[in-house]
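Encoded as C-alpha cells, the structure appears first; notes follow it.
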Amino acid sequence: MASMAELKAVLKDTLEKRGVLGHLKARIRAEVFNALDDQSEPRPPLSHENLLINELIREYLEFNKYKYTASVLTAESGQPLVPLDRQFLINELNAVEDPTGKDIPLLYGIIAQFLHGSNKEGIQNAFLQGSSLQLPRQNVGKPPSERN
C-alpha cells in the first residue's frame, strides 16, 4: 500500500504533466487575494502613465493566458475593468503599428524597438515602428522621487 507522501508525489506529478498545477496555484492566489482585498479602502487615483503601463501589462498577461494574474492586477491597481482601446494606446504612445503585429501585445513591439532600434533587418514581426517611448538614460534605476 502506498504511503500518503507517495500519493501526494504521484498526484503532484500527474497535475504537473497535465499542465494543471500552475493554473490551480494561480487560481488559488487570485481567490485568496480577492477574499483578502478590502473593497472599502479607496484606491489611489491612477496617474496617466500608470494607466498606460498597467494596460500594456494587462494586454501582455492576457495574450499569454495569465488570466488570474491579469485579474489580480486589475483588482489591485484599480485599472478599469474594460481594457483600453488598442488604438488609444498606440496614439498615446505616439507609436506606429506594423500591420503584421495587430494580434501581438504592444509591449512586444516596444521591447523589439529597444532591442533592435529602427533597423528592420533581423527583426521578425517588428510590431511597432518609430515608437516615441524613450526613457532618459540618466533616470534608469533611480526611484521616481529622484527622477527629473
Side-chain angles (χ1 to χ4, degrees), residues 8-39 41-148:
K8 284 182 183 179
V10 169
L11 178 60
K12 182 179 176 185
D13 187 51
T14 302
L15 292 174
E16 282 177 350
K17 286 180 181 175
R18 290 184 183 172
V20 175
L21 190 59
H23 292 288
L24 289 174
K25 286 180 178 180
R27 176 68 190 240
I28 289 169
R29 278 188 217 102
E31 291 300 327
V32 167
F33 172 79
N34 286 335
L36 297 176
D37 188 31
D38 185 1
Q39 296 293 327
E41 184 177 318
R43 303 267 183 244
L46 279 175
S47 70
H48 184 69
E49 291 81 8
N50 282 356
L51 179 75
L52 296 175
I53 291 166
N54 290 346
E55 195 60 41
L56 290 170
I57 293 169
R58 176 172 39 189
E59 183 187 38
Y60 161 82
L61 291 172
E62 290 177 355
F63 176 81
N64 285 290
K65 299 189 179 15
Y66 301 147
K67 58 185 174 182
Y68 301 115
T69 307
S71 71
V72 170
L73 170 72
T74 302
E76 193 169 23
S77 68
Q79 194 78 3
L81 294 176
V82 177
L84 297 176
D85 181 67
R86 183 178 174 102
Q87 192 58 51
F88 172 79
L89 284 173
I90 290 168
N91 292 341
E92 289 298 301
L93 296 171
N94 295 317
V96 177
E97 185 173 38
D98 186 310
T100 63
K102 292 202 180 295
D103 297 327
I104 305 299
L106 294 170
L107 200 49
Y108 283 110
I110 292 168
I111 296 301
Q113 183 68 27
F114 278 110
L115 291 175
H116 306 289
S118 60
N119 179 7
K120 288 187 183 179
E121 290 183 26
I123 303 174
Q124 292 183 359
N125 298 323
F127 309 119
L128 295 178
Q129 296 175 351
S131 173
S132 67
L133 185 62
Q134 298 293 322
L135 298 175
R137 289 280 182 214
Q138 69 271 16
N139 288 339
V140 175
K142 290 183 180 179
S145 60
E146 294 179 18
R147 294 181 185 161
N148 296 342

Worksheet entry | Flag side-chain contact, heavy atom, 4.5 Å: L24 against Y68 | no
Fill in: Heavy atoms of other groups near L115 CG, more than 12 under 6.0 Å
yes
Item to complete: Please report the shortest heavy-atom distance between N54 and S77, naming the atom on each side.
Response: ND2-CB, 3.5 Å
Discussion item. Give me the atom names and distance for the closest heavy-atom approach of L52 to F88.
Written reply: CD2-CE2, 4.3 Å
Worksheet item: Nearest 0.5 Å, what's the CZ-NE2 distance between R18 and H23?
Response: 13.5 Å
Worksheet item: Under 4.5 Å between any side-chain heavy atoms of L51 and E55, yes or no?
Response: no
Worksheet item: Considering all heavy atoms of both residues, which atom of H48 and which atom of E92 are nearest to each other, and what is their separation?
Response: NE2-OE1, 2.7 Å
Worksheet, complete the sentence: Of all heavy-atom pairs linking E97 and L106, the shortest is OE2-CD2, 4.1 Å
Discussion item. Could you check whether any side-chain heavy atom of L73 comes within less than 4.5 Å of a side-chain heavy atom of T69, counting everything from C-beta outward?
Written reply: no
Worksheet entry | Gap separating the CD atom of Q79 from the CG atom of L84, nearest 0.5 angstrom | 6.0 Å
Worksheet item: Would a distance-only check, ignoring hydrogens and angles, find a side-chain to backbone donor-acceptor pair under 3.5 Å from D85 to Q87?
Response: yes
Practice prompt. With rounding to the nearest 0.5 Å, note down the distance linking CD1 in I57 to OG1 in T74.
Written response: 11.0 Å
Worksheet item: So do E62 and R58 actually touch side chain to side chain, heavy atoms under 4.5 Å?
Response: yes
Fill in: Shortest non-hydrogen separation from Y108 to N64 and the atoms involved
OH-ND2, 3.2 Å
Discussion item. Could you report the tightest heavy-atom contact between E16 and L21, atom names first, then the distance?
Written reply: CG-CD2, 3.3 Å
Worksheet item: Got a second to check how far K102's NZ is from R86's CZ, nearest 0.5 Å?
Response: 7.5 Å
